[in-house]
Amino acid sequence: MDLPNKRPDDMARITTEELANKFIEEQLAFVRQQVGDKKVLLALSGGVDSSVVTALLIKAIGKQLVCVHVNHGLMRKGESEEVVEVFKNQLDANLVYIDATDRFLDLLKDVAEPEKKRKIIGGEFIKVFDEEARKLEGISFLAQGTIYPDILESDGVKAHHNVGGLPEDMQFELVEPVRLLYKDEVRVVGKALGLPVSMVERQPFPGPGLGVRCLGAITRDRLHALREADAILREEFDSAGLAGKVWQYFISVPDFKSVGVKNDKRYEGWPAIIRAVNTTDAMTATIEEIPYALLHKITARITSEVEGINRVVYDLTPKPVGTIEWE
């Protein structure tokens with residue numbers, strides 16, 4: 001039972017709860033017919049697409065869905081905890097939670113080259129997921145959060161953060177209920193399914209997570225500082241009403257130090273680099289003009305609350321010339 005690879009020309013854009021509910025009812029019927037009484041495996045990242053697919057499939061087939069959430073230690077503050085709270089505690093999902101932090105960080109030790117870091121993180125994720133999949137019995141289907149732009153961009157193959165690299169002896173039939181939707185439609189469907197706004201409105205987040213924002217070779221202390229500084233930035237943007245106005249905002253922390261002053265003594269610390277951009281298609285991006293009063297507040301909080309950071313700088317480079325991420 002294959003879904004078409006092309007969105008029908010007469011398919012209405014899902015913009016309201018009513019349209020979202022109609023779509024949900026159609027997909028519930030389709031998934032139940034496709035899956036029957038078999039089991040479905042899903043890699044739950046906590047991103048918008050995988051979260052919406054998970055909520056939809058729980059509604060359709062309940063415990064027949066097995067979700068695997070791999071915490072690679074490179075998530076933002078509180079994200080893995082939110083996945084467990086929403087899906088295991090609230091939606092009673094059949095959730096397998098794997099804390100693989102040490103495994104990933106040990107492999108990444110002393111690796112500074114960005115592409116090498118990406119390959120290690122992606123490759124290890126597939127290994128961990130594969131190990132967990134082999135422990136399970138009776139899995140016939142693999143669910144993925146493929147959306148329509150993925151099909152348009154990559155001819156239906158979404159390998160960059162979904163499980164596109166499972167070994168050949170583990171081939172499953174795919175379940176992809178949101179494959180014909182655009183991202184804004186997926187968010188509307190997620191709200192109709194009752195997912196929290198923080199999850200449905202989650203910003204785009206690279207598959208390697210904070211691994212590409214802890215610049216150069218990742219160390220645990222700098223990764224911790226990055227995670228804390230990023231949480232402060234997000235909290236202050238929320239409070240200032242910028243969360244819905246800025247497409248993507250985050251902190252990067254490079255692997256060099258500069259001299260600062262603390263308790264009347266000189267000491268060395270890392271800089272935290274703020275990036276805040278707006279874009280419609282991620283091909284080009286403009287810089288959001290953040291009020292100076294807010295920048296001062298964020299700087300004061302990060303430099304006083306986060307161990308190891310003694311400077312905050314604001315990246316003013318649009319795309320092009322700069323990419324959205326630093327690595």
Q: Which heavy atom of Gly216 sits nearest to which heavy atom of Lys117, and what is that distance?
A: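 Reported closest heavy-atom pair: O-NZ, 2.7 Å.
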Q: For Thr299, run the side chain to side chain contact (heavy atoms under 4.5 Å, CB included) check against Ile232, Leu294, Val312 and tell me which one passes.
A: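 Per the side chain to side chain contact (heavy atoms under 4.5 Å, CB included) rule, the option paired with Thr299 is Val312, out of Ile232, Leu294, Val312.
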Q: Determine whether more than 12 heavy atoms belonging to other residues, nucleotides or ligands lie under 6.0 Å from atom NZ of Lys63.
A: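 Yes, because the 6.0 Å sphere around NZ of Lys63 holds more than 12 heavy atoms from other groups.
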Q: Is Arg220 salt-bridged to Asp102, going by a charged N under 4.0 Å from an acidic O?
A: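 Counted as a salt bridge, because a side-chain N and a carboxylate O are separated by less than 4.0 Å.
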Q: Would you say Met199 ends up clustered with Val52 if hydrophobic residues are merged whenever their side chains have heavy atoms under 4.5 Å apart, either directly or through other cluster members?
A: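 In one cluster with Val52: Met199, yes.
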Q: Test side-chain contact (heavy atoms from CB on, under 4.5 Å) on Arg222 and Asp255; report intermediate values, then the result.
A: CA-CA 8 Å; Arg222 194 157 51 89; Asp255 60 347; 3.3 Å; yes
Q: Is the shortest side-chain heavy-atom distance between Thr54 and Leu91 below 4.5 Å?
A: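 Sidechains of Leu91 and Thr54: no contact.
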Q: Counting only heavy atoms not in Lys77, do more than 12 sit closer than 6.0 Å to its NZ atom?
A: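 Counting neighbours around NZ of Lys77, 12 or fewer heavy atoms of other residues, nucleotides or ligands fall under 6.0 Å, so no.
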Q: Honestly curious: do Val277 and Ile290 fall in one hydrophobic cluster under the side-chain, below-4.5 Å linking rule?
A: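 Yes; Ile290 is reachable from Val277 via cluster members.
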Q: Verify side-chain contact (heavy atoms from CB on, under 4.5 Å) between Lys88 and Tyr97, making sure each step is shown before the conclusion.
A: CA-CA 10 Å; Lys88 193 177 186 72; Tyr97 172 77; over 6 Å; no
Q: Check the pair Val40 / Phe172 against side-chain contact (heavy atoms from CB on, under 4.5 Å), numbers first and verdict last.
A: CA-CA 9 Å; Val40 180; Phe172 305 110; over 6 Å; no
Q: Side-chain contact test, heavy atoms from C-beta onward, threshold under 4.5 Å: evaluate it for Leu223 versus Leu105 and give yes or no.
A: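 Leu223 vs Leu105: side chains touch.
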Q: Strictly distance-based, threshold 3.5 Å: is any side-chain N or O of Asp99 a donor or acceptor partner for the main-chain N or O of Thr101?
A: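 Such a contact is found between Asp99 side chain and Thr101 backbone.
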Q: Please report the shortest heavy-atom distance between Ser50 and Leu44, naming the atom on each side.
A: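 Scanning both residues, the minimum pair turns out to be OG-CD1, 3.6 Å.
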Q: Between Arg179 and Asp49, does at least one N-O distance fall below 4.0 Å, as a salt bridge requires?
A: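 So Arg179 does not pair with Asp49 through a salt bridge.
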Q: Verify, without hydrogens or angle tests, whether Glu236 (side chain) and Leu295 (backbone) share a donor-acceptor contact under 3.5 angstrom.
A: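 No, because the side chain of Glu236 does not come within donor-acceptor range (under 3.5 Å) of the backbone of Leu295.
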Q: Side-chain contact test, heavy atoms from C-beta onward, threshold under 4.5 Å: evaluate it for Leu215 versus Val253 and give yes or no.
A: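 They are not in contact (no side-chain heavy atoms under 4.5 Å apart), so the answer is no.
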Q: So that I can tick it off, tell me whether Arg213 and Glu325 are bridged by a salt bridge, with the cut-off set at under 4.0 angstrom between side-chain N and carboxylate O.
A: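 Yes, charged N to carboxylate O under 4.0 Å.
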Q: Looking at Asn21 and Glu18, would you say the former's side chain and the latter's main chain have a donor-acceptor pair under 3.5 Å?
A: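 No.
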Q: Between Thr303 (side chain) and Arg311 (backbone), is there a donor-acceptor pair under 3.5 Å?
A: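 Here the side-chain-to-backbone pair does not exist.
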Q: What I want to find out is whether Lys22 reaches Glu25 closely enough, with some N-O distance under 4.0 Å, to be called a salt bridge.
A: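 No.
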Q: Are any of the side-chain nitrogens in Arg134 or Asp130 under 4.0 Å away from the carboxylate oxygens of its partner?
A: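 So Arg134 pairs with Asp130 through a salt bridge.
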Q: Provide the closest heavy-atom pair for Arg13 versus Arg7 in the form atom of the first, atom of the second, distance.
A: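 Scanning both residues, the minimum pair turns out to be CA-NH2, 3.7 Å.
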Q: Does the side chain of Pro149 reach to within under 4.5 Å of the side chain of Lys183, using non-hydrogen atoms?
A: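 Pro149 does not reach Lys183 side chain to side chain.
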Q: Do Leu107 and Ile121 make a side-chain contact, defined as non-hydrogen atoms from C-beta onward lying under 4.5 Å apart?
A: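 A side-chain contact under 4.5 Å is absent here.
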Q: Just wondering, more than 12 heavy atoms not from Lys297 lying within 6.0 Å of its NZ?
A: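 Not buried by this count: 12 neighbours or fewer within 6.0 Å.
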Q: Would you say Asn278's side chain and Thr286's backbone share a donor-acceptor pair under 3.5 angstrom?
A: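 Pair absent, no side-chain N/O of Asn278 close to backbone of Thr286.
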Q: Looking only at non-hydrogen atoms, find the nearest pair between Leu42 and Ala143 and report the distance.
A: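 It is CD1-CB, 3.5 Å.
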Q: Taking Leu210's backbone N and O only, do any of them form a donor-acceptor pair with Arg227's side chain (distance below 3.5 Å, no angle check)?
A: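 No; judged by distance alone, with no hydrogens or angles, the pair does not exist.
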Q: Describe, in one word, how the ring planes of Phe129 and Phe125 are oriented to each other, choosing from parallel (under 30°), tilted (30 to 60°) and perpendicular (over 60°).
A: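 If you compare the ring of Phe129 with that of Phe125, the planes turn out parallel.
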Q: Going through the distances and angles, do Thr15 and Val188 end up as a side-chain contact (heavy atoms from CB on, under 4.5 Å)?
A: CA-CA 7 Å; Thr15 54; Val188 177; 5.7 Å; no
Q: With distance as the sole test, does Arg118 use its side chain to make a donor-acceptor pair with the main-chain N or O of Pro208 at under 3.5 Å?
A: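 Side chain of Arg118 to backbone of Pro208, a donor-acceptor pair under 3.5 Å: no, none is there.
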Q: Taking the side chain as everything from C-beta on, heavy atoms only, tell me whether Tyr249 gets closer than 4.5 Å to Leu242.
A: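 Contact flag for Tyr249/Leu242 side chains = no.
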Q: Give me the one residue out of Leu226, Asp221, Asn310, Val306 that meets side chain to side chain contact (heavy atoms under 4.5 Å, CB included) with Trp270.
A: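 Per the side chain to side chain contact (heavy atoms under 4.5 Å, CB included) rule, the option paired with Trp270 is Asp221, out of Leu226, Asp221, Asn310, Val306.
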Q: What about Met75 and Val48, same hydrophobic cluster or not, with Ile/Leu/Val/Met/Phe/Trp/Tyr joined at side-chain heavy-atom distances under 4.5 Å?
A: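 No; Val48 is not reachable from Met75 via cluster members.
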Q: Go through the structure and list residues passing ring-ring contact (aromatic ring centres under 6.0 Å, His included) with Tyr267, not counting sequence neighbours.
A: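 With sequence neighbours excluded, Tyr267 shows a ring-ring contact (aromatic ring centres under 6.0 Å, His included) to no residue whatsoever.
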Q: Say you draw a straight line from CD1 of Ile298 to CZ of Arg234; how long is it, rounded to the nearest 0.5 Å?
A: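 Going from CD1 on Ile298 over to CZ on Arg234, the span is 13.0 Å.
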Q: Verify the neighbour count for atom NZ of Lys38: are there more than 12 heavy atoms of other residues, nucleotides or ligands below 6.0 Å?
A: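 No, not enclosed.
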Q: Can you tell me how far the CD atom of Gln64 sits from the CG atom of Asp37, to the nearest 0.5 Å?
A: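 Spacing of CD (Gln64) from CG (Asp37) equals 6.5 Å.
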Q: Rounded to the nearest 0.5 Å, how far does CD1 of Ile14 lie from CG of Leu180?
A: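 Going from CG on Leu180 over to CD1 on Ile14, the span is 9.5 Å.
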Q: Establish whether Val31 and Phe141 are linked, either directly or via other cluster members, by ILVMFWY side-chain heavy-atom contacts under 4.5 Å.
A: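 In one cluster with Val31: Phe141, yes.
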Q: What distance separates Lys109 NZ from Asp106 CG, expressed to the nearest 0.5 Å?
A: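 So the gap between those two atoms works out to 9.0 Å.
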Q: Would you please say whether a donor-acceptor pair under 3.5 Å links the side chains of Gln144 and Glu176?
A: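 There is such a pair (donor and acceptor under 3.5 Å, judged by atom type) between the side chains of Gln144 and Glu176.
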Q: Is the backbone N or O of Val178 less than 3.5 Å from a side-chain atom of Gln27, with the two atoms forming a donor-acceptor pair by type?
A: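 Not a single qualifying donor-acceptor pair exists.
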Q: What is the minimum heavy-atom distance between Ala276 and Tyr314, and which atoms define it?
A: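 So the two residues come closest at CB-OH, 3.6 Å.
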Q: When clusters are formed by joining ILVMFWY residues with side-chain heavy atoms under 4.5 Å apart, either directly or through shared neighbours, do Ile273 and Ile324 land in the same one?
A: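 Ile273 does not cluster with Ile324.
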Q: Do any pairs count as a salt bridge (Lys or Arg N to Asp or Glu O under 4.0 Å) and have a residue in residues 266-278, sequence neighbours left out, and if so which ones?
A: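 Residue pairs with at least one partner in residues 266-278: Arg275-Asp315.
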Q: Are Glu327 and Pro206 close enough that some pair of their side-chain heavy atoms sits under 4.5 Å apart?
A: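 Of all side-chain heavy-atom pairs linking Pro206 with Glu327, none is under 4.5 Å.
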Q: Specify whether His72 and Phe104 have parallel, tilted or perpendicular ring planes, treating 30° as the upper limit for parallel and 60° as the lower limit for perpendicular.
A: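 Because their plane-to-plane angle is over 60°, the rings of His72 and Phe104 count as perpendicular.
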Q: Salt-bridged, Lys39 to Glu137, with N to O below 4.0 Å?
A: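 Between Glu137 and Lys39 there is no salt bridge, as every charged N stays at least 4.0 Å from the carboxylate O atoms.
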Q: Could you measure the distance from the CG atom of Asn94 to the CG atom of Leu136? Nearest 0.5 Å is fine.
A: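 Going from the CG atom of Asn94 to the CG atom of Leu136 covers 8.5 Å.
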Q: So do the side chains of Arg103 and Lys127 get within less than 4.5 Å of each other, counting heavy atoms only?
A: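 The answer is yes; the side chains approach within 4.5 Å.
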Q: State, to 0.1 Å, how close Ala55 and Phe87 come at their nearest heavy-atom pair, and which atoms those are.
A: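 Shortest heavy-atom contact: N-CE2, 4.1 Å.
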Q: How far does CD of Glu288 sit from CH2 of Trp247, to the nearest 0.5 angstrom?
A: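 Glu288 atom CD to Trp247 atom CH2 measures 13.5 Å (nearest 0.5 Å).
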